[in-house]
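For reference, the structure is listed below as structure tokens.
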Amino acid sequence: MKRILVTGSGGQIGSWLVPRLRELYGESNVLATDIRTLSAEVVEAGPFQVLDATDVRAVGQAVMRHEADTVFHLAAILSAIGEKDPRLAWHVNMTSLEAVLEVSREQRCAVFTPSSIGVFGPDSPKDPTPQDTVMRPHTIYGITKVAGELLCDYYARRYGVDTRGVRYPGLISYGAPPGGGTTDWAVDIFYQAVEHGRYSCFLAEGTQLDMMYMPDAISAAIGVMEADPDRLAHRNAFNVTAMQLAPETLAAEIRKHVPGFELTYDVDPVRQGIAESWPDRIDDTAARREWGWKPEYDMAAMTADMLHHLKNGDGAGTASS
Ligand code: NAD
Ligand code: SER
């Protein structure tokens, strides 16, 4: 990777990925793009361009002008928003991926596309969920992610495009807020703990999901793209996880830092249904074996770091705070 273009760079992942890529590969070599204009701070931190990733001509021109050899394709609609507007989710997720893959085929770019635990559904084994297993998701988000994985593998096999990806679990971070997913509670809970000392969770007690702290998610994206291709038996996409959290488990850990922190429940049936259709624990042995994946943060280390940063004013708020 020498010259990189990032789509959807203003979101939860992009706001962490772009600075890290610039640190590693040089500021001017990383072009950040998003469909919306971002804050002056972001735009002035390095090359930035407004780009609709569903517009294949615009993507082609941006890749050509930047002379990109790698695209990190982050633009997408997440699970909860997807259920509110399934046609939008299909359009954005599939049209943008096809555009990025076509441009990458023509201009010989490598492509990173994040997939998700959302590829799994109620028929998948829940604990552990293997790397290769039944994938019949019930959400439109999951359907676009399964189709996306297959399309990426197709472009690799048929056209030799170097496509790679990981199936992220729920991602926890401060800074840019999460974009409307089922796992957003695990971010909201920290903001509410610091601001109000209590949190009302939209998922029910006992709902366990895989999670990961953002620094590890960024290492995973870069790690899989830097991996020796000869060691990769899989491409799209690798299970990766760092911890398994249910609301009451995380609340107990937060209480060690915020005494008296109160957790209550106001369950949203849509997001609860999505969460119940997802794994309790995914098996990331293939990622560990094929490219050395290993997370740094467990629940205790992540919680201490999140609270430290939020208490220092590093948060940007969440959709629900
Ligand atoms: P996000 O919603 O925070 O950010 C998405 C960004 O894409 C936004 O800045 C938005 O403005 C932009 N965007 C939307 N439509 C666009 C378009 N047509 N063209 C260009 N940009 C557009 O999402 P995120 O959490 O940063 O997720 C990035 C990727 O990672 C997605 O593919 C998502 O499915 C995947 N993922 C995220 C998580 C998570 O917990 N955050 C977990 C699993 C997978
Ligand atoms: N965090 C994402 C979501 O809930 C998982 O892909 O949509």
Side-chain angles (χ1 to χ4, degrees), residues 5-18 32-39 42 48-56 58-59 62 71-85 88-89 91-100 111-120 137 139-146 148-149 152 165-173 175-188 202-203 207 209-214 216-218 220-221 236-237 239-242 245 268 270-271 274-275 277-279 282 316 318-319:
L5 184 147
V6 183
T7 72
S9 66
Q12 191 191 3
I13 299 178
S15 62
W16 283 72
L17 181 65
V18 168
T33 73
D34 203 287
I35 197 167
R36 58 196 167 93
T37 325
L38 304 178
S39 67
V42 174
F48 173 78
Q49 182 185 323
V50 170
L51 177 68
D52 179 352
T54 65
D55 180 344
V56 67
V59 173
V71 179
F72 282 76
H73 176 45
L74 305 181
I77 302 295
L78 275 76
S79 62
I81 305 263
E83 288 312 295
K84 288 190 183 139
D85 193 341
L88 175 73
H91 170 68
V92 173
N93 296 6
M94 297 316 300
T95 312
S96 67
L97 179 59
E98 203 226 349
V100 165
V111 180
F112 172 80
T113 313
S115 187
S116 161
I117 51 170
V119 293
F120 300 112
T139 61
I140 190 68
Y141 175 70
I143 292 166
T144 66
K145 289 296 178 186
V146 173
E149 287 192 11
C152 287
V166 295
R167 293 179 186 139
Y168 280 132
L171 300 181
I172 299 171
S173 62
T182 303
T183 57
D184 292 8
W185 72 267
V187 178
D188 298 351
F202 60 75
L203 293 189
T207 313
L209 291 169
D210 284 285
M211 299 279 175
M212 185 181 292
Y213 197 31
M214 192 59 87
D216 280 329
I218 300 309
N236 300 281
N239 283 1
V240 286
T241 188
L245 300 181
D268 168 21
V270 174
R271 285 177 287 185
I274 296 174
S277 76
W278 287 355
I282 58 173
T318 66

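Note that ligands are numbered from 1 as they come in the structure, with each ligand's atoms numbered from 1 the same way.
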Quick test: of every protein heavy atom, which one is nearest to [atom], and how far off is it to 0.1 Å?
atom	answer
atom 2 (O) of ligand 1	G179 CA, 3.4 Å
atom 3 (O) of ligand 1	Q12 N, 2.8 Å
atom 18 (N) of ligand 1	D52 OD1, 3.0 Å
atom 7 (O) of ligand 2	S79 OG, 2.7 Å
atom 13 (N) of ligand 1	I35 CG2, 3.9 Å
atom 1 (N) of ligand 2	T183 OG1, 2.6 Å
atom 26 (O) of ligand 1	I13 N, 2.9 Å
atom 4 (O) of ligand 2	T182 N, 2.6 Å
atom 7 (O) of ligand 1	G8 CA, 3.4 Å
atom 23 (O) of ligand 1	L78 CD1, 3.4 Å
atom 8 (C) of ligand 1	D34 OD2, 3.6 Å

Residues two or more places apart in sequence or in another chain: which of them pass salt bridge (Lys or Arg N to Asp or Glu O under 4.0 Å) with D34?
->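 For D34, the residues satisfying salt bridge (Lys or Arg N to Asp or Glu O under 4.0 Å) (neighbours in sequence not counted) are R36.
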Contacting atoms of ligand 1, where contact means under 4.0 angstrom from a heavy atom of [X]:
X	result
P169	40 (O), 42 (C), 43 (C)
A76	31 (C), 32 (O)
L51	19 (N), 20 (C)

Looking at side-chain heavy atoms only, is the closest gap between [X] and [Y] below 4.5 Å?
X	Y	value
V270	K84	no
S116	L78	no
I172	M212	no

Proximity to ligand 2 by part of Y141, non-hydrogen separation under 4.0 Å |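 For Y141, the contact with ligand 2 is made by the side chain alone.
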For the residue pair [X] and [Y], what are the closest heavy atoms and their distance?
X	Y	value
P137	I143	CG-N, 3.6 Å
T182	L203	O-CD1, 4.0 Å
A275	T207	CB-CG2, 3.7 Å
I13	L171	CD1-CD1, 3.5 Å
Y168	A217	OH-O, 2.7 Å

For ligand 1, note which part of [X] has a heavy atom under 4.0 Å away: side chain, backbone, both or neither.
X	result
T7	neither
K145	side chain
R36	side chain

Side-chain donor-acceptor pair under 3.5 Å between [X] and [Y], yes or no?
X	Y	value
Q49	T33	no
T139	E83	no
T113	H73	no

Quick one: which of S115, P114, A75 has a heavy atom closest to atom 44 (C) of ligand 1?
->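 Minimum heavy-atom distance to atom 44 (C) of ligand 1 goes to S115.
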I'd like to check whether [X] has a polar contact with ligand 1, where a contact means an N/O of the residue lying under 3.5 Å from an N/O of the ligand.
X	value
L171	yes
G11	yes
S116	no
T54	no
V92	no
G170	no
Y141	yes
H73	no

Working to the nearest 0.5 Å, report the span between CD1 of I140 and OG of S79.
->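 OG of S79 is found 12.0 Å from CD1 of I140.
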Distance, nearest 0.5 Å, that separates CH2 of W185 from CZ of F202 |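 One finds 8.5 Å between CH2 of W185 and CZ of F202.
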Can you list the ligand 2 atoms lying under 4.0 Å from a non-hydrogen atom of S116?
->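 By the 4.0 Å cutoff, the relevant atoms are 5 (C), 6 (O).
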Subset of ligand 2 atoms that lie under 4.0 Å from at least one heavy atom of L78 =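 So the answer, numbered in order with elements, is 2 (C), 7 (O).
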Among the heavy atoms of W278, does any lie under 4.0 Å from an atom of ligand 2?
->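 W278 counts as a contact of ligand 2 under the 4.0 Å cut-off.
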May I ask you to decide if [Y]'s main-chain N or O and [X]'s side chain share a donor-acceptor pair within less than 3.5 Å?
X	Y	answer
K145	R167	no
D184	G181	yes
D210	I282	yes

